[in-house]
Novice: 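Let me begin by handing over the structure; questions about it come next.
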Amino acid sequence: MPEIARPGQERFVAPLAETPLEETGTVDTSAPPEGQWKEAWKQLRSNWIFWVSAVLLLFILIVCLFPGLFTDINPRAADLGRSKEGPQSGHPFGFDAQGYDVYSRVIHGARASVTVGILTTLFVTFVGLLTGALAGFYGKWADMLISRIADVFFAIPLILGAIVLLSALNNVWSGRGYWGGVIAVVLVLAVFGWPQMTRIARGAVLEVKNLEFIDAARAIGSSKWSNLRRHVIPNALAPVIVTATVSLGVYIVAEATLSFLGIGLPTSVVSWGNDIAAAQSEVRSGRNLHVLFFPAGALAITVLSFMLLGDAVRDALDPKAKKS
Amino acid sequence: MWWYVGKRLLQAIPVVLGATLLIYAMVFLQPGDPITALFGEKPVSEAARANLEAQYNLDKPFIVQWLLFLGGALTGDLGVSYSGQPVADLIGRTFPVTVKLAVMALIIEAVLGIIAGFWAGLRRGKIFDSTMLVVSLLVIAVPIFVLGFMLQLVFGVKLHWAPATVGGDASIGKLILPAVVLGLVSFAYVLRLTRTSVIENLSADHVRTARAKGLPEGAVNRKHVLRNSLIPVVTFLGADLGTLMAGAIVTEGIFNVPGIGNLAYQAVQRGESPTVVSVVTVMVLVYVLMSLLVDLLYAALDPRIRYA
Amino acid sequence: MSERIEAATEPLLEITDLQVAFRAGKRDIPAVRGANLTVYPGQTVAIVGESGSGKSTTAHAIIDLLPGTGHVTGGTIRFDGRDITHLKRRQREAIRGSQIGLVPQDPMSNLNPLVRVGSQIKEALEANDIAKGNAADKRVVELLEEAGLPDAQARARQFPHEYSGGMRQRALIAMGLAARPKLLIADEPTSALDVTVQQQILDHLDSLTDDLGVAVLLITHDLGLAAERADHLVVMYKGQVVESGPALEILQHPQHPYSQRLIASAPSLASQRLTAQTRAEVRESAVKTAGEIVAEHEGDEFGGEATRIAVEAKELTKVFKLPAGGLGRTIDFTAVDEVSFSLRRGTTTAIVGESGSGKSTVARMVLDLLEPTSGAVEFDGVDISTLRNKKEQLAFRRRVQPVFQNPYASLDPMYSIYRSIEEPLRTHDIGSSKEREATIRDLLDKVSLPSAVMRRFPNELSGGQRQRVAIARALALQPEVIILDEAVSALDVLVQAQILNLLNDLQAELGLSYLFITHDLAVVRQIADEVVVMQKGRAVEQASVVQVFDHPREEYTRKLLDAIPGGSIDLAS
């Protein structure tokens with residue numbers, strides 16, 4: 001070691017005035033307290049994608065609940081004389097092959113599609129969260145049993161399974177009307193959709209269950225069940241919510257696909273899927289594309305809104321995404 | 001590793017059994033009389049009816065029918081369709097077509113999805129990235145049959161670049177358009193998955209270390225970012241082959257492809273339980289084998305994973 | 001000859017008034033504010049600081065590897081006589097590896113898990129045009145040997161997961177030095193490793209860089225380690241350099257209040273002086289209080305006569321079954337092997353061991369979170385596995401509480417601080433909600449947190465504050481024994497010292513008994529009375545703190561003691 005410090009390495013002590021010491025252990029109490037949800041909400045609020053999708057979805061929801069606000073025309077009133085006429089004043093989307101007003105059918109068709117999406121998602125989320133949490137938290141034979149059963153349903157492709165089950169239902173329960181038709185599609189999609197949510201929930205629970213605060217709660221003397229209910233499930237909810245939002249859109253598309261195959265909602269039900277299916281003969285000829293364009297567009301916008309909402313929620317909830 | 005393969009195959013048995021039983025039960029929920037369906041409106045004599053019922057095992061309880069079906073399936077006998085053809089022949093004719101279609105779709109989605117996703121991930125937030133995100137969302141949001149119609153109309157009917165329908169002989173050239181349609185949705189997923197994975201890996205510690213040792217940017221991206229990002233993508237692709245084959249039911253309908261989806265669809269409509277159950281069994285087997293393959297692939301790609 | 005002297009007097013690295021900031025939205029948040037630093041060829045310079053001091057950011061700015069939105073906003077970095085502050089991509093890549101090497105912090109995440117270790121080092125050789133093809137392969141083996149890796153030929157063909165942490169760090173050192181850079185930046189090169197491994201690796205790095213004449217810029221939070229290894233020290237605090245100069249001089253005569261605090265808090269340095277006496281006072285007071293509490297408890301549900309021993313572990317053994325090839329075949333892994341110890345009331349027994357020693361498994365068994373394979377834990381003379389009914393179990397829980405290691409995982413992020421501390425009270429049905437609130441205020445006061453914290457959530461608190469909350473929660477049920485499982489290991493030095501003081505104060509005041517699980521022998525002297533040294537599941541040595549530190553019996557204990565960085569530095573001169 002040199003006796004005399006070399007240039008640039010002389011003894012240096014910063015003036016205290018320029019480098020004041022801060023108290024360690026101070027708490028900033030100026031801002032209002034923020035939990036994880038509140039923080040996520042703040043993040044969500046600053047994301048324009050969230051607002052675009054939220055406003056669109058709100059609008060779509062109003063259309064579903066009060067279609068009468070947007071049109072007086074009966075979607076089931078056929079005027080064969082005006083079959084396939086293009087958009088015109090008073091009938092902005094024109095007429096379809098049967099002479100139905102396309103605009104009115106798009107407005108009235110929203111309800112069936114969106115209801116299928118929402119109900120299926122609720123159903124799948126409830127069953128998936130319950131089974132996934134039980135399998136992940138209790139492990140052992142509960143996990144074995146639930147995972148194997150989920151495997152059986154997962155192994156059958158959604159659309160194929162849905163076709164078989166729906167055609168079975170068609171025979172047992174024919175002429176089931178509007179709500180019967182909707183419920184049948186919901187049930188069928190849910191039967192083959194839940195294992196996916198079970199897997200997501202199970203994974204999330206497995207991740208949470210070994211964290212130290214769970215041990216701390218056990219050391220306090222909380223029972224397993226209250227631990228699951230109070231700590232594990234709330235902390236495993238984020239990926240489930242994200243998957244639910246995104247899959248809502250997927251179920252709407254699935255309903256349309258089933259209707260396209262002529263096996264989804266009864267043809268008497270006004271729905272986007274049915275109208276798109278009815279439009280296919282037009283499209284093959286390459287004429288009167290408006291018949292396809294408007295219901296398909298409405299469906300796409302709805303699905304897109306749910307997907308964007310799901311993306312925004314993921315960005316707000318996923319700690320990994322937050323870091324970057 | 002062979003232990004693992006054996007264990008997995010054993011585990012798959014209850015899945016296959018459960019799935020076929022489930023489908024059998026659903027098919028048998030249909031009280032409609034298949035004999036009547038077979039003969040249409042023509043009257044059927046009692047003797048002929050009994051004969052037919054015996055032939056198709058319709059006179060036995062459904063559990064027995066299921067067991068008989070399983071027994072037959074093990075020897076390659078999947079029963080006879082109501083039109084008199086052995087189901088095994090029907091599947092033998094249609095299955096290769098669907099496999100060809102699905103593999104083509106898989107190649108298309110993998111190549112395009114990985115390239116676009118890699119590029120988008122490297123240029124996060126730039127124009128290309130945003131465009132790709134919008135495109136992928138649109139592709140997912142618009143039902144596949146609408147996309148199918150549009151492409152069929154534009155490329156098949158208007159531009160005549162490809163045949164609008166496939167029909168009897170399913171050559172690769174004829175299948176390109178349906179394969180593109182079939183692969184579109186998965187392309188969007190592959191793109192998004194690759195992109196997310198690339199972004200995640202770009203900030204990985206070992207990537208920084210690779211830069212620190214003086215490796216040029218291009219080599220870092222190729223050897224360390226892309227390679228590590230591909231693991232989740234490859235597993236997705238493996239599992240997707242089964243999904244594509246099942247999803248082919250729509251695409252095959254639009255383009256009139258003589259594949260297994262079409263076969264299944266028509267069988268459901270006619271209530272032909274032997275065919276329906278057989279097709280579903282094939283699909284379940286495809287799923288089970290593909291997920292085993294994915295796990296083995298995973299182990300091949302990631303040296304940390306060893307199955308014992 | 002004259003040339004060499006000439007070269008040695010020119011600085012190799014000269015950082016002047018460096019400013020680094022991270023962009024958040026439209027604002028720049030400064031991380032380094034006006035740092036100055038000089039390194040001469042062949043010299044070892046250390047930057048010392050706590051998390052958030054900007055020490056790693058400064059290091060990464062030098063090779064332009066700032067993470068995320070980080071960028072240099074001012075000042076210059078001169079290397080080997082040229083300004084490298086703002087270089088083009090090609091020039092940057094030319095400097096990395098061949099001129100400036102990096103040994104990163106965490107050996108677990110810094111090697112690509114999918115690429116053989118040898119290939120990763122070969123890349124460094126090829127990228128810097130040192131060697132190609134077969135020659136490079138040969139060189140890789142030499143480099144690994146040089147880094148102290150036995151059986152290098154075979155090791156080069158292995159994947160990172162087949163290496164232990166220490167071996168990975170050796171591989172990273174080989175990689176950092178592969179292209180013979182003039183400067184090696186070692187960013188906390190050993191903080192993720194066990195102390196004994198840490199020492200070996202640093203010794204090796206020292207001799208290697210000496211032989212090669214490579215200058216080292218060592219980034220560390222450990223003052224003792226820095227003083228032991230470096231000629232020149234730079235102390236950073238909140239992005240600024242507060243003090244710099246010759247290492248020993250700073251250690252012996254710190255001028256800036258922050259350096260003074262840091263030196264006073266560093267367990268490896270401080271423990272020599274103040275602890276023995278304070279500890280004796282704490283113990284005396286605690287034992288007295290504990291005695292009074294025991295007298296009160298006489299004849300309650302636990303029955304057992306008032307003993308001076310609170311917890312006794314009798315030949316505790318835990319065997320885990322690990323899957324081992326084939327169908328359902330398992331092999332036995334003995335994590336804890338017949339460990340016995342006792343914890344006297346009002347005292348602290350420390351269990352010390354490196355990773356994999358089984359110390360945390362012992363903690364979990366004492367807490368009744370894990371069932372022992374054989375042996376027993378006795379609380380007040382009662383075997384806790386015999387507590388069958390709910391009431392007895394809850395009574396046990398009330399008297400033994402844990403504080404865990406990770407301040408980020410030990411509190412439920414969904415719970416406000418109030419709810420977190422209230423949970424034990426609620427579970428045990430203690431008090432009305434009014435009374436509970438008063439209790440919580442009191443508890444927060446005990447752990448020196450303002451009561452305004454109640455309405456906050458864990459994500460709004462620092463690591464030290466969270467650990468205080470965890471202690472408050474543990475105290476809520478007025479326990480007699482607290483199991484501290486690495487409770488201060490994840491904290492910065494200053495905060496660690498504060499928490500240790502708090503624990504001492506609470507022990508004296510409340511007569512608590514602590515079971516203190518740690519990997520860090522240095523902190524043991526500040527808090528423990530008895531020490532159990534564990535190695536590979538066995539208790540290899542048990543004695544009083546004084547005995548263990550002054551007259552260790554076992555070779556392993558001696559190794560642990562020697563490995564405490566800076567332990568041998570004479571502070572008073």
Side-chain angles (χ1 to χ4, degrees), chain A residues 1-16 18-40 46 208 210-223 226-227 230-238 319 322-324, chain C residues 9 11 14 36-38 40 68 231-232 237-238 240-246 249 255-258 261 364 367 369 393-394 397-398 400-402 404-406 409-414 416 423-424 427-428 448-450 452-453 455-457 459-462 464-465 468 470 473 477 494-495 498:
Chain A
M1 215 190 296
E3 289 296 310
I4 306 153
R6 297 188 239 185
Q9 293 195 331
E10 300 87 0
R11 185 73 193 269
F12 163 80
V13 180
L16 190 57
E18 286 170 29
T19 53
L21 291 193
E22 282 168 37
E23 205 50 51
T24 45
T26 48
V27 186
D28 177 20
T29 47
S30 53
E34 271 179 19
Q36 195 160 305
W37 292 114
K38 218 167 168 185
E39 201 183 11
S46 62
V208 175
N210 289 322
L211 290 178
E212 286 176 349
F213 65 84
I214 302 295
D215 270 346
R218 277 179 66 199
I220 281 164
S222 318
S223 66
S226 91
N227 236 340
R230 291 197 194 155
H231 295 289
V232 177
I233 291 186
N235 278 288
L237 223 46
K322 234 184 266 176
K323 264 187 228 146
S324 51
Chain C
T9 48
E14 208 175 357
N36 293 301
L37 174 75
T38 306
Y40 282 89
D231 319 316
H232 182 76
Y237 173 66
K238 306 245 179 228
Q240 289 175 308
V241 174
V242 294
E243 187 161 0
S244 64
E249 215 177 299
Q255 305 270 303
H256 195 278
Y258 177 74
R261 240 194 234 179
R364 289 173 59 81
L367 279 165
L369 294 176
Q393 275 173 0
L394 280 180
R397 295 269 179 232
R398 199 148 56 219
V400 181
Q401 281 292 300
F404 292 111
Q405 170 176 19
N406 186 346
S410 61
L411 298 173
D412 188 334
M414 301 280 170
S416 68
E423 197 189 4
T427 310
H428 289 259
S448 311
L449 283 174
V453 164
R455 291 170 52 233
R456 303 276 143 186
F457 286 83
N459 57 340
E460 299 176 278
L461 302 185
S462 69
Q465 290 165 347
R468 284 171 193 270
R473 176 179 56 187
L477 295 171
L494 288 184
V495 183
Q498 285 176 351

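Just so we're on the same page: letters track the sequence lines, and every chain starts at 1.
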Novice: Which answer fits C/Gln405, side chain, backbone, both or neither, if we ask what part of it has an atom under 4.5 Å from a heavy atom of chain A?
Specialist: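 Both parts, backbone and side chain.
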Novice: For C/Pro413 and A/Asn235, which heavy atoms make the closest approach, and how far apart are they?
Specialist: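 The pair with the smallest heavy-atom distance is CG-OD1, 3.2 Å.
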Novice: Is C/His232 close to chain A through its backbone or its side chain, or both, or neither, when contacts mean heavy atoms under 4.5 Å?
Specialist: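 Side chain only.
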Novice: Within this structure, what is the CG-CG distance for the pair A/Asp215 and C/Leu369, rounded to the nearest 0.5 Å?
Specialist: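 Answer rounded to 0.5 Å: 5.0 Å.
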Novice: Which bit of A/Gln9 is near chain C, if near means a heavy-atom gap under 4.5 Å: side chain, backbone, both or neither?
Specialist: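 Both backbone and side chain.
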Novice: Taking A/Ile220's backbone N and O only, do any of them form a donor-acceptor pair with C/His428's side chain (distance below 3.5 Å, no angle check)?
Specialist: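 Yes.
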Novice: If you count heavy-atom pairs under 4.5 Å between each of A/Glu212, A/Arg218, A/Arg230 and chain C, which one has the most?
Specialist: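 Between A/Glu212, A/Arg218, A/Arg230, the count favours A/Glu212.
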Novice: Would you say the side chain of C/Pro257 lies within less than 4.5 Å of the side chain of A/Leu16, judging by non-hydrogen atoms?
Specialist: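 Answer yes - side chains close enough.
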Novice: At a heavy-atom separation under 4.5 Å, does C/Ser416 approach chain A through its side chain, its backbone, both, or neither?
Specialist: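 Contact with chain A: none, neither part.
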Novice: Pick whichever of C/Thr38, C/Val242, C/Asp412 has the most heavy-atom pairs under 4.5 Å with chain A.
Specialist: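 Most heavy-atom pairs under 4.5 Å with chain A: C/Asp412.
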Novice: Of the non-hydrogen atoms in A/Ala14 and C/His256, which two are nearest, and what is the gap between them?
Specialist: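 In terms of heavy atoms, the two residues are closest at O-CD2, 3.3 Å.
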Novice: Heavy-atom cut-off 4.5 Å, strictly under: side chain, backbone, both or neither for C/Leu411 against chain A?
Specialist: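 C/Leu411 touches chain A through backbone heavy atoms alone.
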Novice: Rounded at 0.5 Å granularity, tell me how far CD in C/Glu249 sits from CZ in A/Arg11.
Specialist: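 The CZ atom of A/Arg11 is 5.0 Å from CD of C/Glu249, to the nearest 0.5 Å.
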Novice: Taking all non-hydrogen atoms of both residues into account, name the closest pair between A/Pro234 and C/Met414 and its distance.
Specialist: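 For A/Pro234 versus C/Met414, the nearest heavy atoms are O-CE, 3.4 Å.
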Novice: Less than 4.5 Å to any heavy atom of chain A: does that hold for the side chain of C/Gln255, its backbone, both, or neither?
Specialist: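 Contact with chain A: backbone and side chain both.
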Novice: Any idea which of A/Ala219, A/Gly221, A/Ser223 has the most non-hydrogen atom pairs under 4.5 angstrom with chain C?
Specialist: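 When all of A/Ala219, A/Gly221, A/Ser223 are compared, A/Ala219 has the most.
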